[in-house]
Q: 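Have a look at the structure that comes next, please.
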Amino acid sequence: MIKYQRSSALFAEAQKVIPGGVNSPVRAFKAVGGDPIFVKEAKGAYLYDEDGNELIDYINSWGPMILGHAYEPVVNAVVEKAKKGTSFGMPTEIETEIAELAVSMVPNIDKIRFVNSGTEACMSAVRLARGFTGKDKLIKFAGCYHGHSDSFLIQAGSGAVTFGSPNSPGVTEGTAKDTLLAKYNNLENVKEIVAANQGEIACIIIEPIAGNMGCIPPAEGFLEGLRALCDKNDILLIFDEVMTGFRLAAGGAQELLNINADIVTFGKVIGGGLPVGAFAARDEIMNHLAPLGPVYQAGTLSGNPLAMSAGLAMLSELNNSPEIFLSLAEKTQYLHQGITEALDKHKVVHTINRTGSMISVHFSPTPVIDFATAAEVNNETFKKFFHGMLDNGIYIAPSAFETWFITEALTYKDLDKTITAVDKVAATL
Ligand code: HOZ
C-alpha cells in the first residue's frame with residue numbers, strides 16, 4: 001500500500017488558509033474519500049508526489065499535457081521568454097505567431113482572441129454570440145461543463161455535479177432563466193426547446209465530445225442535426241473544444257467529425273500547460289469584438305508572453321507531427337481493449353466510452369449516452385476502483401464524472417502496467 005503521510009500533512013495545512021485546501025474542488029478527493037495527493041514534480045507520463053511515490057498519470061493536468069509533463073521544447077520556450085520579461089500589457093509579436101498557427105490548423109476560423117482560461121473563453125463566446133445575434137437565450141446540455149461562469153452552472157458536469165451542486169447557489173434567477181437546458185444526444189428535445197423559444201435563442205453551446213460527465217461521444221447524426229437546426233433558426237453553434245481542441249486532431253472535433261461550428265472555444269492543450277484559453281470564429285463574427293465592434297472583452301494577462309510561448313511551442317510540435325494524433329488514438333484503443341478484457345474476466349459490470357485519446361470507464365450496465373445515464377454509475381464501485389488503482393501506482397481522475405486524458409509520453413509498457421493493475425483491482429470489486 002502506497003503511503004501519503006506528507007501529502008496528508010500538507011493538505012491539513014492548506015485547509016487552514018485555502019477553502020477545502022484546494023484551488024479547484026475536484027482535486028479535494030471528496031468524491032472518492034481520502035486526502036488528495038500533493039505533487040512535487042512530473043516528467044513524461046509520470047507524477048512524483050511529496051511522499052516520493054511514482055504514479056502513472058491519466059489526468060495530465062486535465063488534458064493539456066498531451067506530450068507529457070515537462071516537455072522540453074515547451075519548457076525551454078517558457079524559460080527563454082521569461083528572461084525577457086513576463087508581462088507587458090502591450091502587444092507582442094508572438095501573439096500573432098500563435099494566432100496564425102492556430103487559424104491555419106483549425107477549420108472555419110479567421111480570427112482568434114486569447115484569454116486566460118476555458119471559463120473565460122466560453123463566457124466570452126456566449127457574450128459574442130448574444131451581441132452578434134441580438135438575442136439573449138442560450139441552450140446548454142445537462143452534464144456539459146463550460147467553466148464556472150454563471151450562465152453555465154445549470155445542470156453542469158465536472159466538479160459541479162461531483163459535489164452535488166450542478167445548479168450553484170449564487171447564480172441569479174435572472175441569469176438562470178436565459179439558460180435553456182437540453183438532453184445530450186437527444187435532437188428531438190433540442191428541436192422542441194427551439195420551437196418553444198422562437199427568435200430568442202442566440203446560441204447552442206456543446207462539448208462536441210462530452211468530457212465532463214465522463215467521456216460521452218455524440219450519437220450518429222446528433223451534431224449534424226444541431227448544425228441544421230442552427231442554420232434554419234439563425235442560432236450560432238458554439239463548440240466548446242476546451243478538451244477536444246488540438247487533442248483529437250490538429251483541427252479538433254470540427255476536423256475529426258467534419259462539422260463546422262460558428263464559434264469554437266479552446267483551453268488546455270492550446271496553452272501547453274500554462275493558463276491559456278481562446279475563442280475563434282469567422283471574420284464576420286469576430287469583428288463584433290472590441291476594439292473593432294461593440295462586444296467588450298479584455299484582460300491584463302491575455303496573450304501573456306510566457307503563456308503564448310508555451311502554447312506556440314506545443315501547437316508547433318503537434319502541427320509538425322500530425323501522426324501523434326493517430327498514435328494517441330491507437331494507445332487509447334489498446335488501453336480500452338485491455339481494460340475491457342480485465343473487467344470482463346472478473347465479471348465487473350461496466351461501459352467504456354472512448355473517442356481519440358479521451359476515454360472513461362463507467363461502472364454502469366447500460367450505455368452511457370447522456371447526463372441521466374452517466375448519473376446511474378455505481379459510485380461505490382468507482383471509489384474502490386479509484387483507490388485500488390492508486391495503490392497500484394496509477395492516478396485516474398478522482399471522480400466518476402471526468403475523462404481520462406492519454407498522453408503520447410505513455411509507452412506500451414506503461415499501458416500494460418495499467419491493464420495489469422485493472423486486472424488486480426477488478427478481482428477485488
Ligand atoms: N474542471 C476540471 C475538470 N473537468 C478540474 C480542474 C482542476 O481541478 O484542475
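When a ligand or atom number is given, it counts from 1 through the structure's own listing order.
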Q: Could you list which atoms of ligand 1 come closer than 4.0 Å to a heavy atom of S24?
A: 6 (C), 7 (C), 8 (O)
Q: Show your reasoning for whether side-chain hydrogen bond (donor to acceptor under 3.5 Å, both in side chains) applies to R113 and S124.
A: CA-CA 10 Å; R113 167 71 56 91; S124 307; over 6 Å; no
Q: Should the pair F141 and Y184 be assigned to parallel (<30°), tilted (30 to 60°) or perpendicular (>60°) ring geometry?
A: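 Aromatic pair F141/Y184 classed perpendicular.
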Q: Would you say K268 and ligand 1 have an N/O pair spaced under 3.5 Å apart?
A: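 In fact, backbone or side chain, K268 has no N or O that close.
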Q: Given H69, which of D57, T407, V75 fulfils the side chain to side chain contact (heavy atoms under 4.5 Å, CB included) condition?
A: D57
Q: Identify, for atom 2 (C) of ligand 1, the protein heavy atom at the shortest distance, and state residue, atom and that distance.
A: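 Answer, as residue, atom name and distance: S158 OG, 3.9 Å.
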Q: Show your reasoning for whether salt bridge (Lys or Arg N to Asp or Glu O under 4.0 Å) applies to K331 and E408.
A: CA-CA 8 Å; K331 286 179 180 175; E408 184 61 359; 3.5 Å; yes
Q: Using distance alone, determine whether Y145 and ligand 1 share an N or O pair under 3.5 Å.
A: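 No, there is no polar N/O contact under 3.5 Å.
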Q: Run the numbers for me: atoms of ligand 1, each under 4.0 Å from some heavy atom of E402, listed by number.
A: 3 (C), 4 (N)
Q: Report yes or no: does T119 contribute a side-chain atom to a donor-acceptor pair with the main-chain N or O of H148 at less than 3.5 Å?
A: yes
Q: Any carboxylate oxygen within less than 4.0 angstrom of a Lys/Arg side-chain nitrogen, looking at R282 and D262?
A: yes
Q: Should the proximity of N212 to ligand 1, defined as any heavy atom under 4.0 Å, be assigned to the side chain, the backbone, both, or neither?
A: side chain
Q: What protein heavy atom sits nearest atom 9 (O) of ligand 1, and how far off is it?
A: R27 NH2, 2.8 Å
